[in-house]
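Comments concern the structure below.
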Amino acid sequence: RRRKEEEEEEDDDQEEEVEAPAQGLVAATMKGTLSVGEGRLWWAGKWAVSEAAFEREATSKFKYGGPAVEDDSVLESPPESSGWNGYFMNPADEGEVAKVREKGLVLKFDASADDADVFLVSGDGTNDLGSFTLVGHYDVADRSLNLDKMYSRLDDDDDDDRLDEDAIDDDYGEELAGLKEEQDMPIEELAKRYALYADDPPPKKAKT
């Protein structure tokens, strides 16, 4: 009986472990809209782990600030390539929700040969879970930008050299200044400051 209890405890521990998504896995479906505000391009909406999750409204918010723009005409023809900074809300244990930041996200818009009002969108970036790619489309008619996020590998390298300093988010409030401070910060330090799970922050890096 004691052995059985120990095995059950081990199973519980395994369930609590946080693992990075498998290679090529569609880890998130992101549905949002493009808008212009305060001289900047914005992408905001909700994400879920699947279409089924959207149907049962198991979603969380996201928002990204893109490049500076002059007027709303950019919504008719988005920039071919631009840098974005933002965040998504990540549900954790016991109802907790953590804000996960993503900096230096790159989105590319390519006009569709079949429909003048549709752009094929691709992108890539890195967060605490690893490197990922984005694939989807932008519909000029309703301003919807829907992308699938797929993780490719874990990556602890500092990839912030692609950071577009103009791509900020007004929802950060007092945290806006912190983005510039974190621009050159290694991802290990970012992980310490913004843990994915509020109740279980990552361990400190051992000194060598």
Side-chain angles (χ1 to χ4, degrees), residues 27-48 54 59-90 97-112 115-129 131-150 158-185 187 189-190 193-194 196:
T29 296
M30 308 175 73
K31 297 184 178 183
T33 56
L34 285 188
S35 63
V36 172
E38 299 182 357
R40 192 170 303 281
L41 192 59
W42 302 96
W43 176 38
K46 295 183 178 181
W47 72 273
F54 266 105
T59 60
S60 298
K61 295 181 180 180
F62 69 82
K63 187 170 185 179
Y64 296 83
V69 296
E70 295 182 358
D71 51 48
D72 291 355
S73 64
V74 69
L75 298 175
E76 302 291 332
S77 181
E80 292 184 2
S81 180
S82 54
W84 299 68
N85 297 333
Y87 66 88
F88 64 89
M89 304 308 293
N90 189 45
V97 179
K99 177 186 286 186
V100 181
R101 302 186 183 192
E102 293 179 342
K103 297 166 52 180
L105 177 68
V106 173
L107 293 181
K108 298 180 180 179
F109 292 78
D110 295 314
S112 171
D115 190 338
D117 288 335
V118 174
F119 286 80
L120 305 179
V121 184
S122 61
D124 62 87
T126 303
N127 60 27
D128 290 343
L129 294 177
S131 299
F132 58 84
T133 57
L134 296 161
V135 177
H137 66 275
Y138 169 61
D139 193 329
V140 175
D142 60 6
R143 310 295 194 240
S144 62
L145 173 56
N146 301 331
L147 303 177
D148 286 333
K149 175 186 283 187
M150 295 167 285
D158 186 359
D159 199 26
D160 287 344
D161 55 341
R162 299 182 309 173
L163 177 61
D164 181 350
E165 293 184 355
D166 287 334
I168 59 176
D169 188 288
D170 58 357
D171 276 3
Y172 286 154
E174 296 179 356
E175 300 174 6
L176 286 174
L179 285 177
K180 292 186 179 294
E181 176 186 348
E182 297 160 5
Q183 180 173 335
D184 300 318
M185 186 179 294
I187 193 167
E189 295 299 324
L190 287 174
R193 182 175 293 187
Y194 303 107
L196 286 177

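The distance from atom CG of Leu75 to atom CG of Leu41, rounded to the nearest 0.5 Å, is 6.5 Å. Rounding to the nearest 0.5 angstrom, the gap separating the CH2 atom in Trp42 from the OH atom in Tyr64 is 13.0 Å. Interatomic distance, Leu147 CG to Met30 CE, rounded to the nearest 0.5 Å: 7.0 Å. With rounding to the nearest 0.5 Å, the separation of NE2 in His137 from CG in Asn146 is 5.0 Å. With rounding to the nearest 0.5 Å, the separation of CG in Leu105 from CZ in Phe132 is 5.0 Å. Separation of atoms OG1 (Thr33) and CZ (Arg143) is listed at 10.0 Å; rounding is to 0.5 Å.
For the side-chain contact (heavy atoms from CB on, under 4.5 Å) criterion with Asn90, the lone passing option out of Val97, Asp128, Val100 is Val100.
Minimum heavy-atom separation, Ala141 to Asp139: N-OD1, 2.9 Å. Of all heavy-atom pairs between Pro79 and Phe109, the closest is O-CD1, 3.4 Å. When all heavy atoms of Gly104 and Asn85 are compared, the pair lying nearest together is N-OD1, 2.9 Å. The two atoms that bring Val106 and Ser81 nearest to each other are CG1-OG, 3.8 Å, heavy atoms only. When every heavy atom of Glu76 is checked against every heavy atom of Phe119, the shortest pair comes out as O-CE1, 3.7 Å. Heavy atoms only, all atoms of each residue included: Asn127 and Arg101 are closest at CB-O, 4.2 Å.
Side chain of Trp43 to main chain of Leu145: a donor-acceptor pair is present (N/O by atom type, distance under 3.5 Å, no hydrogens or angles). Put simply, the side chain of Trp47 gets close to the backbone of Met89: a donor and an acceptor are under 3.5 Å apart. Not one N or O on the side chain of Asp124 forms a donor-acceptor pair closer than 3.5 Å with the backbone of Leu134.
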